[in-house]
There are 2 protein chains.
Amino acid sequence: MNKEFEQQESNISGEGFLPGLAIDTVIFGFHDNQLKVLLLSYKNSSLYALPGGFIHDNEDVNQAARRVLESRTALTNIYLEQFYVFGDYSRYDPTPLKAIMHARGYTAPDNHWLLKRFVSIGYYALVDFTKAVPTPDDISDSCDWYSLDDLPVLMQDHRQIIEKALQTLQNNLDQKLIGFNLLTDEFTMGDLQSLYETILNKKLLRAAFQRKMLSLGILERIAKKWTGGAHKAPYLYRFISNNVTADTF
Amino acid sequence: MNKEFEQQESNISGEGFLPGLAIDTVIFGFHDNQLKVLLLSYKNSSLYALPGGFIHDNEDVNQAARRVLESRTALTNIYLEQFYVFGDYSRYDPTPLKAIMHARGYTAPDNHWLLKRFVSIGYYALVDFTKAVPTPDDISDSCDWYSLDDLPVLMQDHRQIIEKALQTLQNNLDQKLIGFNLLTDEFTMGDLQSLYETILNKKLLRAAFQRKMLSLGILERIAKKWTGGAHKAPYLYRFISNNVTADTF
DNA sequence: CCTTATTGTAACACAATGATACAATAATAA
DNA sequence: TTATTATTGTATCATTGTGTTACAATAAGG
């Protein structure tokens with residue numbers, strides 16, 4: 001697990017992995033009223049990238065995505081969903097990976113499996129920012145949260161992947177009730193509204209929002225939260241429902 | 001193009017194709033108030049299958065799906081959308097393809113690329129039943145429409161693929177306005193309602209349906225249609241909008 | 001011209017949402 | 001203690017959307 005990439009690197013033919021197929025995961029978190037994504041930065045390189053990985057030849061694709069997610073966040077039972085396959089030929093560009101391997105002191109032969117064309121299956125995950133433990137993989141310097149409106153320069157088409165993941169999240173937010181996965185277990189109505197406003201990138205009417213959320217019958221009102229502010233204390237709520245982890249099928 | 005499979009068959013290593021990656025296309029049509037899908041039946045076999053194919057190593061994945069769609073329907077400019085990647089390990093079963101090749105008098109070596117594990121990218125398409133020209137591929141006896149509620153026994157997990165495509169279509173029907181792609185250029189409000197009822201599998205109220213559709217501002221009222229029935233003649237409508245062909249990105 | 005079936009739409013009830021208003025209430029200061 | 005302040009919870013009303021019923025407007029056919 002620790003020297004995973006080293007094994008992949010020295011495994012020139014890619015034995016044990018599905019060839020040409022990768023997973024990229026957009027892991028969303030919410031903090032300081034900002035939507036964040038988890039990004040890796042590679043050693044000896046200025047490149048940032050989405051957490052990703054490859055699929056073992058005896059492993060379900062969804063399971064591989066979950067493995068990637070769990071190894072970068074140290075969390076299990078997380079909302080995770082496929083959203084798009086990125087398969088344009090124009091994505092094919094072995095130079096970044098070649099550079100990474102070169103920086104590691106490894107010169108790959110041109111027919112190395114990692115330098116061939118890859119099709120990437122995009123997943124997005126929604127995690128509790130306070131619970132996730134960002135964990136670099138073995139070729140990364142760092143694994144950290146970056147605000148969506150202040151992203152560093154990303155490898156390949158990872159920026160478009162994030163953009164598309166965000167669109168999917170926006171589309172799904174009202175239908176599937178998945179926003180709660182981004183909050184802590186207990187939250188105020190203000191927290192929830194702020195989350196919705198951030199994701200949808202628009203202001204919502206407080207009274208209507210609260211009425212609608214309460215009418216859904218999925219919130220349990222707990223206790224009051226004394227914030228220290230000079231005003232009425234908000235209630236805390238908890239999300240009540242089948243703890244959907246998705247994978248959809 | 002005509003001997004496409006023969007080339008794939010004799011090409012033991014799968015040179016020129018992305019390995020382990022396939023496309024399956026659920027092509028929907030609407031006729032006789034029934035939702036239909038296009039299925040192939042294989043020569044010397046009782047197996048039915050979705051139209052599918054492989055991706056050339058210099059071809060966009062979406063383009064490959066479009067190529068498959070166009071070669072089975074003889075249509076261009078069709079609504080086509082990715083909906084799910086089927087990547088469970090349990091899908092892996094080389095026997096059907098082995099049987100097909102065997103029936104063709106070809107005995108494949110065990111390491112033949114077509115007998116390895118495949119991950120399949122599911123697409124669905126919406127076509128005008130009256131315009132499509134079902135066209136078998138070179139290993140098929142037939143390419144024909146089958147009603148969704150009377151499907152033959154299908155290869156591998158193709159039945160689940162259809163089921164999932166239908167769910168996606170149901171979910172998208174109201175949001176994206178794509179149902180029109182299943183009708184002829186001109187249609188009555190009754191045709192449209194019947195289509196919606198069939199896809200959603202529930203009765204809709206005529207007055208409310210008509211009011212809503214007209215309020216969307218996407219229908220142009222043409223002329224009246226004299227059906228020969230002893231009653232008021234319905235108007236014909238045409239769908240007005242950006243002719244969305246999707247691929248989404 | 002009367003019957004029949006179907007279409008287009010009006011009319012009303014009810015539900016959902018937008019918008020405004022206001023009472024309730026924690027802290028702080030007077 | 002009491003007034004002040006900001007924020008929360010919810011009532012209220014207007015507007016819009018949808019469910020439901022009803023009915024006038026026809027195309028045939030007798």
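Every heavy atom of this structure was used, including side-chain atoms; hydrogens, water molecules and symmetry mates were not. Convention: sequence-line order gives letters A, B, ...; per-chain numbering from 1.
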Salt-bridge present (A:Asp157, A:Lys164; N to O < 4.0 Å):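 So A:Asp157 does not pair with A:Lys164 through a salt bridge.
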In whole Å, I'd like the distance from the [atom1] atom of [X] to the [atom2] atom of [N].
{"X": "B:Phe187", "N": "C:dT7", "atom1": "CZ", "atom2": "C1'", "value": "16 Å"}
{"X": "B:Phe209", "N": "C:dA10", "atom1": "CZ", "atom2": "P", "value": "18 Å"}
{"X": "B:Gln210", "N": "D:dA24", "atom1": "CD", "atom2": "P", "value": "18 Å"}
{"X": "B:Leu219", "N": "C:dT9", "atom1": "CG", "atom2": "P", "value": "12 Å"}
{"X": "B:Met213", "N": "C:dG8", "atom1": "CE", "atom2": "P", "value": "14 Å"}
{"X": "B:Tyr196", "N": "D:dT18", "atom1": "OH", "atom2": "C1'", "value": "16 Å"}
{"X": "A:Leu205", "N": "D:dG9", "atom1": "CG", "atom2": "C1'", "value": "15 Å"}
{"X": "A:Lys202", "N": "C:dG18", "atom1": "NZ", "atom2": "P", "value": "8 Å"}

What nitrogen or oxygen pairs link the protein and nucleotides 11-13 of chain C at under 3.5 Å?
unit_1, atom_1, unit_2, atom_2, d
C:dA11, N6, B:Arg211, NH1, 3.3

Do [X] and [Y] have side chains that get closer than 4.5 Å, going by heavy atoms?
{"X": "B:Phe28", "Y": "B:Asn181", "result": "no"}
{"X": "B:Phe83", "Y": "B:Ile161", "result": "yes"}
{"X": "B:Leu126", "Y": "B:Phe30", "result": "no"}

B:Asp24, B:Asn172, B:Thr25 screened by side chain to side chain donor-acceptor pair (under 3.5 Å) with B:Tyr124, the one that passes: B:Asn172
Touch class at under 4.0 angstrom, heavy-atom based, for A:Leu204 against every strand present: nothing
Side-chain N,O (A:Lys212) to OP1/OP2 (C:dT17) below 4.0 Å: yes
[X] side-chain proximity, nearest of [options]:
{"X": "A:Ala233", "options": "D:dT10, C:dA26, D:dT20", "answer": "C:dA26"}
{"X": "A:Arg206", "options": "C:dG8, D:dG19, C:dA21", "answer": "C:dA21"}
{"X": "A:Lys232", "options": "C:dT9, D:dT7, C:dG8", "answer": "D:dT7"}

What pairs of donor and acceptor atoms, side-chain ones from residues 201-211 of chain A against any protein atom, are under 3.5 angstrom apart with sequence neighbours left out?
none

Aromatic ring proximity A:Tyr84/A:Phe86, centre distance under 6.0 Å: yes
